[in-house]
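To start, the structure under review is shown below, and the notes come after it.
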Amino acid sequence: MPPKKTRAQNGKIQKRPVEEDLDEIEEEVKMESEDQQNKNKKENTSNDKPKSDDQDILKKLGDDDPIPKEFYNCCVVDLAQKLIGTYLVRVLDDGTILKAMIVETEAYKAPLDKACHAYNNKKTEKTKWFWQDGGYLYMYSIYGNNNCMNIVSATKDEPEAVLIRALEPIQGIQVMKKFRGSNPKLKDKDLTNGPGKLTQAINIDKDYNGHALFEKGKLYLVKGLDKSAVQIEASKRINIDYAQEWVDKLWRFTLKGNKFVSK
DNA sequence: TGTTGGATCCGCT
DNA sequence: GCGGATCCAACAG
């Protein structure tokens, strides 16, 4: 059976006047993302350390201090890499603490990125959460009851977000298994190796839209692996066949050699 | 209001 | 690797 045609393949994504206005800066963004990809390649091969200001921010933090808001106020492609190796802390109502390391991310950068839900500045009830400051969550459900978690980057004027695609469970593995269902065959490595699986494992859903990750609460982010221990691989984003030329961006980032990544 | 399709998951082969 | 399940937001009429 031939694959189903997407809306884009059916020609339903067509240029609208507002997009024509964007054409002028499209070339500029293309150059910017090519620069970014070159930078990625360099960073991936030379194991460069992150910018000194980020290092300063992280150095001052205790192991359980939330990473402050300014960490998120950067380009989404930068943030997607900076998040690799950080720890997500989930505090349940009964005080149980779940902890997991981010090992796979994808960057989505509206208004030009055709893979992004906020493409062409499409602001709806679902996507309005893109227009927040960096450090807040955008949650959405897809293919039934699969919730996906995104961390908004930059500022409220720039609709960009990082999709969290996989985590490595660190603490509370049995509780995560319980949230994932009662399948006794479920292996640790299959617990959080997908965007829908990980939100189920830490028990969050669309109610977490707009949640601040930089404040200590039910869900926050803390520093994790030492940056010198983090080697990042860049690849193409997954399952965005409809996104035309944006399919080829190397905006998926994984922790090199980690067995908890989704594919 | 009905139809379409997707940033996924899971079971089966 | 393939295909069905699933359900909700977006969109067309």
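In what follows, chains are A, B, ... by sequence order, proteins preceding strands, each numbered from 1.
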Checklist entry - Contact class for A:I240 vs. all strands (heavy atom < 4.0 Å): base, sugar-phosphate, or nothing? => result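 Touches sugar-phosphate only.
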Checklist entry - Across the strands shown, which category fits A:R237 at heavy-atom distances under 4.0 angstrom: base, sugar-phosphate, nothing? => result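 Answer is nothing: A:R237 stays at 4.0 Å or more from every strand.
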Ignoring the backbone of [X], work out which of [options] is nearest its side chain.
X	options	answer
A:Y108	B:dT8, C:dA9, B:dA7	B:dA7
A:N239	B:dC10, C:dA10, B:dT8	B:dT8
A:Y138	B:dA7, B:dC10, B:dT8	B:dA7
A:R165	C:dA10, B:dT8, C:dC8	B:dT8
A:R180	B:dA7, C:dA10, B:dC10	B:dC10

Item to check | A:K177 atom NZ: more than 12 heavy-atom contacts under 6.0 Å | outcome: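 Yes, the 6.0 Å shell around NZ holds more than 12 heavy atoms from other groups.
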Item to check | Under-4.0 Å salt bridge between A:D54 and A:K227 | outcome: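 Looking at A:D54 and A:K227, the cut-off is not met.
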Checklist entry - Can a salt bridge be assigned to the pair A:K218 and A:D93 using a cut-off of 4.0 Å between side-chain N and carboxylate O? => result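 A salt bridge is present here (some side-chain N lies under 4.0 Å from a carboxylate O).
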Checklist entry - Reckon A:K128 has a side-chain N or O less than 4.0 Å from the OP1 or OP2 of C:dA9? => result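 So the side chain of A:K128 is outside the cut-off, no N or O lying under 4.0 Å from OP1 or OP2 of C:dA9.
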Roughly, in whole Å, what's the span from [atom1] in [X] to [atom2] in [N]?
X	N	atom1	atom2	result
A:Y119	B:dG6	OH	P	15 Å
A:Q200	C:dC7	CD	P	13 Å
A:M139	B:dT8	CE	P	14 Å
A:M149	B:dT8	CE	P	16 Å
A:N193	B:dA7	CG	C1'	16 Å
A:K185	B:dC9	NZ	P	20 Å
A:K126	B:dG5	NZ	C1'	10 Å
A:N145	B:dG6	CG	C1'	14 Å

Checklist entry - Hey, does A:F130 have a side-chain heavy atom less than 4.5 Å from the side chain of A:H117? => result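 They are in contact (side-chain heavy atoms under 4.5 Å apart), so the answer is yes.
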Checklist entry - When only distance counts, do a donor and an acceptor, one from the side chain of A:Y143 and one from the base of C:dA5, lie under 3.5 Å apart? => result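 In this structure, the two groups form no donor-acceptor pair.
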Checklist entry - Between the side chains of A:K189 and A:N193, does any donor sit under 3.5 Å from an acceptor? => result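 On atom types as modelled, these side chains do not qualify, holding no pair under 3.5 Å.
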Checklist entry - Can you tell me the Watson-Crick or wobble partner of B:dG6, both distances under 3.5 angstrom? => result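 Matched B:dG6 with C:dC7 under the 3.5 Å cut-off.
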